[in-house]
2 protein chains.
Amino acid sequence: MPRRYDPDRRRRLIDAAIRVVGRDGIAGLSHRTVAAEADVPLGSTTYHFATLEELMVAALRQANENFARVLAERLPEDDSGDLAADLARALGEWLGGERTGVELEYELYLAALRRPALRPVAAEWTEDAAALLARRTDPVTARALLALMDGICLQVLLTGGSYDEEYARVALARLIP
Amino acid sequence: MPRRYDPDRRRRLIDAAIRVVGRDGIAGLSHRTVAAEADVPLGSTTYHFATLEELMVAALRQANENFARVLAERLPEDDSGDLAADLARALGEWLGGERTGVELEYELYLAALRRPALRPVAAEWTEDAAALLARRTDPVTARALLALMDGICLQVLLTGGSYDEEYARVALARLIP
DNA sequence: ATCCCATGTGTACGAGGGTACACATCGTGT
DNA sequence: ACACGATGTGTACCCTCGTACACATGGGAT
């Protein structure tokens, strides 16, 4: 039974947790489901992550890093272009893809509402994203743009409506002084 | 044991469900916890609400009605005043009160992300709120204002930060053409 | 070479949950 | 007056979960 000597078992558990949340939501997250998804015994998950919150923290942090990378690519540093249009397009690409991915990241993000342990990670995320936007505008406007993007995403995801990129562009443009 | 003849048992179950979610979150919602909170036998909850989603739908709908009433009071129909300031103040009062109440309503609202059954109710809510705001501005702006308010609330609640009413007022004002 | 400890494995227990179902009771239409 | 259906009650089954614990194993410090 020598599955011994698994250097990045921790990483694989995090990946498995992300897949589980993507498929069944946080409600489907348990030590057992993660263990099954990662093909490791139950005891291994409880060893590396004593509580499910620890797993969520790790998963949220990784999801943040992924999204920050994507956003950085979509936001060229030179401010020659139209920032509102760039952001609206980035949102469109994000929401236009697999709904699973968006749901996954938002669900982990929103989980911070009831779990104080996740709040510092959520705060990191908004700070990092704001810093990214602040390359193209002032910090206060950056925060407002982020808030509006969050709100637009929420409305689309929660009501089951469709994303209107032109509407988003106009609204975002109004926030830029 | 004649607890028979309970005309508004359904209503009492909904109230109990709201109290349970307020105290322990959706994670703590179960037929049994609601039954205990409402002081009725287990079978009664499963009779009136076959699934927990039905309970959540009813609870979310009631929470919406409560909040819509409050918002209507805070938004006088005459447009003599400053709309952005009114909204920022309403947000402040809402976020300044018991964190429990805000968390409760937001948690039910956000639950629609993963539960399609809740999405029509969430959509109703945004439409009703937008109609309220549309008394003071155009429909497109009303939607944008709502989205920004959602985003600002989220950032406060998820990151554990504090609410800055002046910042909110400025950002909201920019959205009004 | 040896020892210690981080890591990995298997299993068991008690708590709590959804669901089903048989039975009790009352209101109401006929 | 009566029967039937809506509503209420109690209980039992089976599942999943978190947790704890005893044991195995191999790497690296000494």
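Naming: A, B, ... by sequence-line order, numbering from 1 per chain.
- Note: CD (B:Glu37) to P (C:dG17) measures 14 Å, nearest angstrom.
- The residue B:Thr33 sits close only to the backbone: its heavy atoms come under 4.0 Å of sugar-phosphate atoms, none of a base.
- Contacts of residues 55-62 of chain B with DNA chain D (heavy atom under 4.0 Å): none.
- Spacing between atom CG of B:Asp8 and atom P of D:dG8 amounts to 10 Å, rounded to whole angstrom units.
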Just list the side-chain donor-acceptor pairs under 3.5 Å for residues 119-132 of chain A, sequence neighbours left out, or say none.
residue  : atom : partner  : partner atom : Å
A:Arg119 : NH1  : A:Ala112 : O            : 3.1
A:Arg119 : NH1  : A:Leu113 : O            : 3.1
A:Glu124 : OE2  : A:Arg61  : NH2          : 3.0
A:Thr126 : OG1  : A:Ala123 : O            : 2.9

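- Look at B:Arg115 and B:Glu53 and you find no salt bridge, because none of the NZ, NE, NH1 or NH2 atoms lies under 4.0 Å from a carboxylate O.
- In this model, the phosphate group of D:dG8 is approached by a side-chain N or O of B:His48 to a distance below 4.0 Å at OP1 or OP2.
- No salt bridge links A:Asp39 with A:Arg12; every basic N to acidic carboxylate O contact stays at or beyond 4.0 Å.
- Under a 3.5 Å cut-off, the side chain of B:Arg89 and the backbone N or O of B:Glu165 do not form any donor-acceptor pair.
- With 3.5 Å as the limit, one finds no donor-acceptor pair spanning the side chains of B:Asn64 and B:Glu105.
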Tabulate atom names and distances for all N/O pairs under 3.5 angstrom spanning the protein and nucleotides 18-22 of chain D.
residue : atom : partner : partner atom : Å
D:dG18  : OP2  : A:His31 : N            : 3.0
D:dG18  : N7   : A:Arg32 : NH1          : 2.5
D:dG18  : O6   : A:Arg32 : NH2          : 2.7

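- D:dG8 atom C1' lies 15 Å from atom CZ of B:Phe49, rounded to whole Å.
- When hydrophobic clusters are built by joining Ile, Leu, Val, Met, Phe, Trp and Tyr residues whose side-chain heavy atoms come closer than 4.5 Å, directly or via intermediates, A:Ile152 is grouped together with A:Ile176.
- Under 4.0 angstrom from either OP1 or OP2 of C:dT7 there lies at least one side-chain N or O belonging to A:Tyr47.
- One interatomic measurement links the two molecules: CG of A:Asp24 to P of D:dT16, which rounds to 13 Å at whole-angstrom precision.
- A close approach under 4.0 Å does not occur between any side-chain nitrogen or oxygen of A:Arg12 and OP1 or OP2 of C:dG8.
- Rounded to whole Å, atom C1' of C:dG27 lies 16 Å from atom CZ of B:Arg9.
- B:Arg11 CZ: 12 or fewer foreign heavy atoms inside a 6.0 Å radius.
- With hydrogens and angles left out, the side-chain atoms of B:Arg32 and B:Thr45 include no donor and acceptor closer than 3.5 Å.
- Annotation: side chain of B:Glu54 is not in contact with side chain of B:His48 (no heavy-atom distance under 4.5 Å).
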